[in-house]
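Structure first, commentary second.
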Amino acid sequence: MTGGIPGGRPPGPALTGHEVAAAGTPPTIIEARDVVKSFGQTPALRGASIAAGAGEIVAIMGPSGSGKSTLLHCLAGILAPDEGEVWFAGQRLDTLPETRRSEIRRDRFGFVFQSGQLVPELTAEENVALPLLLGGARRAAALKEARPWFGRLGLDGMERRRSGELSGGQAQRVALARGMVARPEVLFADEPTGSLDSVSGELVMSLMTRATREQGTTVILVTHDARVAAYADREVVVRDGTVSALAVASSGAPQ
């Protein structure tokens with residue numbers, strides 16, 4: 001399942017995902033081609049290929065140990081593949097120096113993980129503002145950008161709470177706000193509801209879907225839960241390190 005950046009084409013000027021999404025029918029914004037990755041003698045990916053269009057929500061499903069999280073980490077530039085290519089917005093990502101990949105992760109990608117990974121010493125609003133602060137924004141400006149997310153995600157009044165004072169669902173919504181505050185072009189969500197009960201998980205997915213569609217953000221979503229995957233535009237299945245099947249998902253909340 002490839003496309004969008006023909007093989008052998010030299011990289012052109014890098015576009016933002018939001019610019020690509022606004023250009024009409026969204027072409028591919030992020031893609032892995034024939035990616036191979038091993039950890040020691042253990043193969044994790046065996047030639048996996050996947051592409052996502054700007055503004056598209058793609059769910060990666062598969063059994064434990066299938067390689068789905070490794071594929072996400074390669075797409076995000078966290079891991080460099082042993083073989084194959086990763087492209088983002090018209091540029092080859094996997095061959096960039098780590099310092100440049102780190103800049104792209106900070107400035108153009110957002111992340112939501114299963115446990116939320118909030119910084120316990122910071123308040124909720126400081127956690128949300130963290131990507132902006134790391135990008136060089138002044139504290140007052142970063143907090144000003146962070147605070148509207150609390151109303152958007154049903155967290156009014158929780159701005160000054162710390163992670164230990166939040167429920168699991170509330171903490172995950174704070175993590176979602178942190179992942180979205182800098183208007184990322186791609187949001188990587190690795191089992192974002194895995195530690196939540198079904199009601200909290202449904203709320204997080206509904207809010208995530210709405211927020212990313214409003215901002216034209218592409219979402220790469222790893223999940224083992226079919227109800228979570230049903231929020232995506234499309235599902236792919238990873239088995240034994242390869243993308244073995246794909247299916248069209250019903251967009252929006254599951255019925």
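Just so we're clear, the structure is a prediction, and the values are computed from it rather than from any experiment.
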*So does Glu98 pair up with Arg105, basic N to acidic O under 4.0 Å?*
yes
*Side-chain heavy atoms under 4.5 angstrom apart, residues restricted to Ile, Leu, Val, Met, Phe, Trp, Tyr: same cluster for Leu130 and Phe113?*
no
*Residues in side-chain contact (heavy atoms from CB on, under 4.5 Å) with Ser200, at least two apart?*
Leu196, Asp197
*Okay, side chain of Asp82, backbone of Ser38: is any donor-acceptor separation there less than 3.5 Å?*
yes
_Closest contact, heavy atoms only, Gly67 versus Val238_ = C-CG1, 4.2 Å
*Between atom CD of Gln172 and atom OG of Ser167, what is the distance when rounded to the nearest 0.5 Å?*
10.5 Å
*Stepwise, does the side-chain contact (heavy atoms from CB on, under 4.5 Å) test hold for Gln114 with Asp190?*
CA-CA 6 Å; Gln114 177 174 337; Asp190 194 353; over 6 Å; no
*Same cluster (ILVMFWY, side-chain, under 4.5 Å), Leu71 and Val36*: no
*Rounded to the nearest 0.5 Å, how far apart are CD of Glu83 and CD of Glu85?*
11.5 Å
_Quick check: do Val58 and Asp233 have side-chain heavy atoms less than 4.5 Å from each other?_
no
*Output the distance between atom CG (Leu118) and atom CZ (Arg162), rounded to the nearest 0.5 Å.*
12.0 Å
*With side chains defined as the heavy atoms from C-beta onward, is the minimum distance between Arg139 and Glu126 less than 4.5 Å?*
yes
*Tell me, with the steps shown, if Glu191 and Lys68 meet side-chain contact (heavy atoms from CB on, under 4.5 Å).*
CA-CA 10 Å; Glu191 298 282 7; Lys68 56 186 185 296; 3.9 Å; yes
*asked:* With a 4.5 Å cut-off on side-chain heavy atoms, are Pro81 and Leu45 touching?
replied: no
*Quick one: CD on Glu235 to CG on Leu221, what's the gap to the nearest 0.5 Å?*
9.5 Å
*Is there a path of hydrophobic side-chain contacts, each under 4.5 Å between heavy atoms of I, L, V, M, F, W or Y residues, that connects Val219 with Leu153?*
yes
*Would you call the rings of Phe111 and Phe109 parallel, tilted or perpendicular if under 30° counts as parallel and over 60° as perpendicular?*
perpendicular
*Taking the side chain as every heavy atom from C-beta outward, state whether Arg161 and Val174 have any pair of such atoms under 4.5 Å apart.*
no
*asked:* Please tell me whether Phe188 and Ile104 are part of a single hydrophobic cluster in this structure, the criterion being side-chain heavy atoms less than 4.5 Å apart.
replied: yes
*Are more than 12 heavy atoms from other residues, nucleotides or ligands located less than 6.0 Å from atom CZ of Arg239?*
no
_Keeping Asp94 on the side-chain end and Val86 on the backbone end, is there a donor-acceptor pair under 3.5 Å?_
yes
_For Pro184, is there any backbone N or O sitting under 3.5 Å from a side-chain donor or acceptor partner on Thr217?_
yes
*Which heavy atom in Ile220 sits nearest to a heavy atom in Ile30, and how many Å separate them?*
CD1-CG2, 4.3 Å
*Derivation and outcome, side-chain contact (heavy atoms from CB on, under 4.5 Å), residues Phe39 and Thr70*: CA-CA 10 Å; Phe39 298 99; Thr70 301; 3.8 Å; yes
*Please name the pair of heavy atoms, one in Met158 and one in Ala124, separated by the smallest distance, quoted to 0.1 Å.*
O-CB, 3.4 Å
*Considering non-hydrogen atoms only, spot the tightest contact between Thr218 and Gly53 and give its length.*
OG1-O, 3.1 Å
*Do the side chains of Arg92 and Leu96 get nearer than 4.5 Å, heavy atoms only?*
no
*Any chance CG of Asp240 has more than 12 other-residue heavy atoms, nucleotides or ligands included, within less than 6.0 Å?*
no
*asked:* Nearest 0.5 angstrom please: Phe88 CZ to Arg101 CZ, how far?
replied: 14.0 Å
*With the 4.5 Å side-chain cut-off for hydrophobic clustering, are Leu207 and Ile57 part of the same group?*
yes
*Where do Ala189 and Leu72 come nearest, in terms of heavy atoms and distance?*
O-CD1, 4.0 Å
*Does the pair Met205 and Arg227 meet the rule for a side-chain contact (heavy atoms from CB on, under 4.5 Å), with working shown?*
CA-CA 10 Å; Met205 286 308 304; Arg227 288 188 62 83; over 6 Å; no
_Pair Arg147 + Glu159, salt bridge at N-O below 4.0 Å_ = no
*Would you call Glu214 and Met180 a side-chain contact if the rule is heavy atoms closer than 4.5 Å?*
no
*Is it true that Arg106 and Glu103 have a side-chain N and a carboxylate O under 4.0 angstrom from each other?*
no
*asked:* Restricting to non-hydrogen atoms, name the atom on Glu31 and the atom on Ala51 that form the minimum distance, rounded to 0.1 Å.
replied: CG-CB, 4.0 Å
*Could you tell me the separation between the CD atom of Glu145 and the CG atom of Leu133, rounded to the nearest 0.5 Å?*
11.5 Å
